[in-house]
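Here is the structure we will look at, set down as structure tokens.
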Amino acid sequence: MAEHAITPRAKDFSEWYNDVIMRAQLADYSPVRGCMVIRPRGYGIWELMQQALDGMFKETGHQNAYFPLFIPQSFLAKEADHVEGFAPQLAVVTHGGGKELDEPLVVRPTSETIIYSMLSKWIQSYRDLPVLLNQWCNIVRWEMRTRLFLRTTEFLWQEGHTAHATSDEAETEARMILGIYRRFAEEWMAMPVITGVKTDSEKFAGAVRTYAIEALMQDNKALQAGTSHFLGQNFAKAFDTTFQTAAGGLDHVWSTSWGVSTRLIGGLILTHSDDNGLICPPRLAPIQVVIVPIWKTDTEREAVLQTCNGVMDSLKAGGMRVHLDWRDSMKPGAKYYEWEGNGVPVRLEIGPREVSQGQAMLARRTGGKAPVRLSEVAPATRAALDAIQQDLLSQARSRREQNSVRNVTKDQLVQLMDGAGGFAYGGFCGSGTCENEIKDQTKATVRLLPDPEFRSNPAPTKCVWCGQPATVEAVWARAY
RNA sequence: CGGGGCGUAGCGCAGUCCGGUUAGCGCGCCUGGUUCGGGACCAGGAGGUCGGAGGUUCAAAUCCUCUCGCCCCGACCA
């Protein structure tokens with residue numbers, strides 16, 4: 001196994017990010033520009049993410065379905081903002097079976113159009129509502145510049161699509177999903193997020209409102225980690241998705257769409273990892289515990305083997321994902337480095353010394369090594385995993401808070417974005433003029449108009465930029 | 001599309017300016033042995049269209065022209 005050297009974060013953060021991915025074998029560049037291969041160690045994380053999210057979607061009444069990859073080009077054009085927003089990013093198939101197609105097919109950049117065209121057939125009455133769908137799939141958005149996981153031409157995601165009888169119900173759905181995303185980010189990824197609504201310039205093409213979760217990465221750039229859109233009746237009108245109301249009238253459905261993608265893996269890396277490689281939060285670690293046996297003689301080998309197998313069994317019985325590294329071609333120290341680079345949260349070292357003392361040495365990826373009694377190895381390891389999960393979240397949260405500035409002035413905003421970066425909270429008049437000027441001069445965008453929980457107290461009264469009365473509070477940052 | 005960097009063994013690189021035997025080095029890989037508690041060592045091996053095409057030359061990894069691709073920064077982007 002060729003190991004990949006890791007550039008320190010302080011030297012070159014972008015290189016560090018790439019190096020961590022290569023070292024941990026999460027992904028690789030593909031022969032096709034802008035695309036990536038997700039390798040087993042990376043895909044394993046995605047599978048765990050899928051399981052967790054899918055469970056939450058099912059619990060809230062959603063069902064999975066699958067809609068086709070190809071969308072007639074004319075469908076995209078039916079919603080004006082939608083086509084305008086996505087036109088530059090489309091991959092279009094013009095030939096099939098050796099012939100030019102009558103109508104070009106778009107490789108889905110998102111599936112609203114094809115889904116609403118189908119919902120129009122399936123929905124007749126308010127009794128058919130709500131429709132709560134989700135699909136796990138790949139999508140393609142042509143990008144000028146790509147980065148592994150964070151922005152690739154093709155990526156994997158889930159897209160939820162729901163149709164409701166009332167505006168309020170759709171709004172509630174969009175909000176509820178945002179809560180799921182937040183819970184997932186914090187409880188599974190140990191990645192704290194702020195929630196709120198996007199400005200018009202940042203919202204999804206075709207949405208009435210876009211809600212989002214935003215996280216702050218280690219380099220103090222923001223990452224949009226998930227979005228949930230209240231679509232109003234925009235797509236329903238474009239695709240004539242109507243239903244008969246209880247009163248006998250005809251109305252267009254109210255709808256939502258929402259998604260998170262393999263970009264989350266990039267967020268996970270950028271939130272937790274260090275100069276030694278990946279740090280994977282235990283709940284999303286394909287391997288949570290690696291057991292490294294140590295022996296010299298055949299006699300020792302037998303005793304160690306027996307103990308290791310016993311430990312592995314009890315950890316598995318305790319619901320943990322364990323790997324026993326029984327390779328005899330590597331010294332223990334070399335294995336330590338390898339598994340650290342791979343991000344495995346807990347390592348158990350078991351040699352003759354441990355066997356004779358009835359213990360195992362438990363090393364945490366986040367630092368620290370201590371013996372645990374073999375009789376308590378499962379609960380002790382479980383506790384270590386839980387502690388690591390909690391520590392990662394609280395460390396990330398305090399880092400975010402240390403790099404958040406409240407009630408910034410114009411000068412502070414400029415200086416901050418030009419220097420350290422981070423989240424800048426301030427008053428905003430709401431004008432596109434100020435928003436654009438700030439973007440031009442600081443390269444920072446409004447990440448969110450934060451939800452009440454995240455707002456400053458007292459609320460800012462004046463616009464950071466123009467000094468006019470503030471209509472809302474905004475959070476600025478440079479973003480991925 | 002602009003600016004910068006770069007394509008030589010699986011990975012990381014030297015050699016290129018100033019053309020000259022069989023193109024090297026480290027890591028990894030294979031075989032054998034000794035090792036084994038934080039990246040082991042010795043010996044012997046395998047592995048190359050020097051990104052591609054054309055040109056100059058007695059001779060090209062090296063010089064010239066064209067071309068393909070990758071990374072970083074920018075423009076752009078739920």
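Numbered from 1 within each chain, the chains take letters A, B, ... in sequence-line order.
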Nucleotide opposite B:C17 in a Watson-Crick or G-U pair, distances under 3.5 Å: none
Would you call [X]-[Y] a salt bridge at under 4.0 Å N-O?
X: A:Arg182; Y: A:Glu187; value: no
X: A:Lys198; Y: A:Glu214; value: yes
X: A:Glu79; Y: A:Lys237; value: no
X: A:Arg347; Y: A:Glu349; value: yes

Quick one: side-chain contact (heavy atoms from CB on, under 4.5 Å) partners of A:Phe13, sequence neighbours excluded?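 side-chain contact (heavy atoms from CB on, under 4.5 Å) check on A:Phe13 returns A:Arg9, A:Trp16, A:Gln218, A:Asp219, A:Leu270, A:Tyr480.
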Those residues that, when tested against A:Gln63, pass side-chain contact (heavy atoms from CB on, under 4.5 Å) (two or more places apart):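 Listed in chain order: nothing, the list is empty.
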Tell me which of A:Arg353 and A:Thr210 sits closer to the 5' end of RNA chain B, going by the nucleotide each one is nearest to.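 Nearest-nucleotide comparison on RNA chain B picks A:Arg353.
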Short of 4.0 Å, heavy atom to strand atom, which residues of residues 220-234 of chain A count as contacting RNA chain B?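 RNA chain B contact set from residues 220-234 of chain A: A:Gln224, A:Thr227.
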Close approaches to RNA chain B from residues 287-299 of chain A, in residue order (heavy atom, under 4.0 Å): A:Ile294, A:Trp295, A:Lys296
Determine the contact category for A:Trp157: base if any of its heavy atoms lies under 4.0 Å from a base atom, sugar-phosphate if only primed atoms, P, OP1 or OP2 are that close, otherwise nothing.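 If one applies the 4.0 Å heavy-atom cut-off, A:Trp157 turns out to touch a base.
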Base, sugar-phosphate, or nothing: which does A:Lys335 touch, judged by heavy atoms less than 4.0 Å apart?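 If one applies the 4.0 Å heavy-atom cut-off, A:Lys335 turns out to touch nothing in the nucleic acid.
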Can you tell me how far P in B:G7 sits from the matching atom in B:C77, rounded to whole Å?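 Roughly 34 Å separates the two P atoms.
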Measure the distance from CE on A:Met330 to C1' on B:C29 and round it to the nearest whole Å. 13 Å
Find every protein N or O atom lying less than 3.5 Å from an N or O atom of nucleotides 66-72 of chain B, and list the pairs.
unit_1 : atom_1 : unit_2  : atom_2 : d
B:C70  : OP2    : A:Arg33 : NH1    : 2.5
B:C71  : O2'    : A:Glu15 : OE2    : 3.2
B:C72  : OP1    : A:Asn18 : ND2    : 3.1
B:C72  : O3'    : A:Ser14 : OG     : 3.4

Residue set satisfying salt bridge (Lys or Arg N to Asp or Glu O under 4.0 Å) with A:Arg353, at least two apart, ordered chain then number -> none
